[in-house]
Amino acid sequence: IDVRVNFATKDGYIESDHSDMEGPQIALHSINQEPQRQPPPPGGFFHWRIPMATSTYDEALRRLLAHEGGYTNHPSDPGGPTNYGITIADYRKYVKPNATAADVRVMKLDEAKSIYRAKYWAAQRCDELPPGVDDSIFDYGVNSGIGRSGKVLRRVVGLPDNTSVVTDEVLKAVAKRDAKAIVVAINDERLRFLKGLKTWPVFGAGWSRRVAEVKAFSLSLAERSVVA
């Protein structure tokens, strides 16, 4: 069943597939490069440490919120009242079961941050992904659903996309590959996907800008990461 949901963002409405609902499938080449090895210390052995992203969340979220904007309740948006990109349905699920549009309008930023961390960051195990990969998958998941972003990550690292769950197997496959190459592949696929949506002529400029900014920031994170 092909079910699509439109979400209002500052950059426009995005048509997305959620959970395990299938969207257009894009053939991806697996990223098989391994991180470059650094010379071992004198008299020592290689010690591999993949720096994970426990400190990336705040900056990634700050950038994401700049795209998502504030309160909206557009009649064409099936998500209904939305604030900071959080729909009334999610606000009811995570904060207040009987929330009204008025509650969404006065949503606290910290509440939105908590929802983003639970539903999109933690659900995709971003704290366990390399810097850069975490940001790209997080923003993709918010924009198009973790059902899609998780499958894209799996395809990029050469795993079957029969599920969107970021498993231990996915984390191991990611750790064996160059983070910058993964970032490029994720964002290139994301842009191709968006260009295939019927609303691209209307919102394409905003989406292009968002993907370009995410890609650049994610690459900077990956570049700064150190394998020691």
Side-chain angles (χ1 to χ4, degrees), residues 3-21 23 53-129 134-150 164 166 190 193-194 197 199-200 202-218 221:
V3 180
R4 300 196 176 279
V5 182
N6 294 319
F7 286 89
T9 73
K10 185 177 179 181
D11 299 320
Y13 291 95
I14 183 165
E15 190 175 0
S16 66
D17 58 335
H18 268 219
S19 302
D20 288 326
M21 301 171 184
T54 55
S55 63
T56 303
Y57 177 70
D58 287 340
E59 178 62 14
L61 182 61
R62 185 188 70 78
R63 290 171 175 270
L64 181 143
L65 288 172
H67 290 287
E68 293 294 340
Y71 180 78
T72 62
N73 189 9
H74 197 284
S76 298
D77 179 16
T82 302
N83 202 356
Y84 303 118
I86 302 297
T87 65
I88 190 170
D90 279 342
Y91 193 69
R92 286 171 175 168
K93 178 179 179 180
Y94 289 94
V95 180
K96 187 176 181 180
N98 61 343
T100 65
D103 294 318
V104 174
R105 182 183 290 275
V106 298
M107 183 189 307
K108 296 177 181 178
L109 180 57
D110 284 347
E111 292 173 331
K113 286 182 177 181
S114 295
I115 295 171
Y116 276 123
R117 179 175 280 280
K119 184 175 181 180
Y120 299 102
W121 187 268
Q124 298 185 103
R125 300 178 71 174
C126 290
D127 276 340
E128 300 173 77
L129 291 171
D134 57 353
D135 177 63
S136 286
I137 286 298
F138 173 58
D139 197 272
Y140 198 165
V142 171
N143 203 207
S144 296
I146 63 174
R148 180 169 187 84
S149 58
S164 61
V166 179
R190 180 178 177 182
F193 166 68
L194 291 172
L197 297 178
T199 47
W200 174 262
V202 179
F203 302 118
W207 291 342
S208 293
R209 182 174 61 253
R210 177 170 181 164
V211 174
E213 290 177 2
V214 169
K215 184 177 181 180
F217 176 57
S218 294
L221 290 174

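Predicted, not measured: the structure shown is a model, and the values here were computed from it. This chain uses plain numbering: 1 for the first residue, then up along the sequence. For the numbers below, each heavy atom of this structure counts, side chains included, while hydrogens, waters and symmetry mates do not.
Contact between Lys119 and Ile146 at its shortest, heavy atoms only, is O-CD1, 3.9 Å. The minimum heavy-atom distance linking Val104 with Asn83 is given by the pair O-ND2, 3.0 Å. The two atoms that bring Ser218 and Ser136 nearest to each other are OG-OG, 2.8 Å, heavy atoms only. Closest non-hydrogen pair, Gln124 versus Ser149, comes out as OE1-OG, 2.5 Å. Between Cys126 and Asp134, the shortest heavy-atom contact is O-CB, 3.5 Å.
Rounding to the nearest 0.5 angstrom, the gap separating the CH2 atom in Trp200 from the CZ atom in Phe193 is 11.5 Å. In this structure, the separation between CG on Asp90 and CD1 on Ile115 is 6.5 Å, given to the nearest 0.5 Å.
Arg63 and Asp139 are not joined by a salt bridge, as no carboxylate oxygen comes within less than 4.0 angstrom of a charged side-chain nitrogen. Asp135 and Lys215 are not joined by a salt bridge, as no carboxylate oxygen comes within less than 4.0 angstrom of a charged side-chain nitrogen. The residues Glu128 and Arg125 are annotated as salt-bridged, a charged nitrogen and a carboxylate oxygen being separated by less than 4.0 angstrom.
Judged as a ring-ring contact (aromatic ring centres under 6.0 Å, His included), and not counting sequence neighbours, the contacts of Tyr116 are Tyr120. Looking at residues two or more places apart in sequence or on another chain, you find a side chain to side chain contact (heavy atoms under 4.5 Å, CB included) between Lys96 and Tyr91, Asn98, Ala99, Asp103.
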Could you check Thr56 against Leu221 for side-chain contact (heavy atoms from CB on, under 4.5 Å), going step by step and ending with a plain yes or no? CA-CA 9 Å; Thr56 303; Leu221 290 174; 3.7 Å; yes
For a side-chain contact (heavy atoms from CB on, under 4.5 Å) check, start with the C-alpha distance between Leu61 and Arg117, then their side-chain angles and the critical distance, and finish with the verdict. CA-CA 9 Å; Leu61 182 61; Arg117 179 175 280 280; over 6 Å; no
What do the steps show when you test Tyr57 against Lys113 for side-chain contact (heavy atoms from CB on, under 4.5 Å), and what is the final call? CA-CA 10 Å; Tyr57 177 70; Lys113 286 182 177 181; 4.2 Å; yes
As a quick check of understanding, evaluate side-chain contact (heavy atoms from CB on, under 4.5 Å) for Phe217 and Glu59, giving each step before the final call. CA-CA 10 Å; Phe217 176 57; Glu59 178 62 14; 3.3 Å; yes
Could you walk me through whether Arg105 and Asn73 pass the side-chain hydrogen bond (donor to acceptor under 3.5 Å, both in side chains) test, one step at a time? CA-CA 9 Å; Arg105 182 183 290 275; Asn73 189 9; over 6 Å; no
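Between Phe138 and Trp121, the angle of the ring planes goes over 60°, which puts this pair in the perpendicular group of the 30/60° scheme.
When side chains are defined from C-beta on, Leu109 counts as touching Leu65, because their heavy atoms get closer than 4.5 Å. Inter-residue side-chain proximity for Lys93 and Thr87 is flagged as unmet; no heavy-atom pair is nearer than 4.5 Å. Within the 4.5 Å cutoff, the side chain of Ser114 has no heavy atoms near those of the Tyr94 side chain.
Because its NZ or CZ atom is not both nearer than 6.0 Å to the ring centre of Tyr140 and within 45° of the ring axis, Arg148 does not count as a cation-pi partner of that residue.
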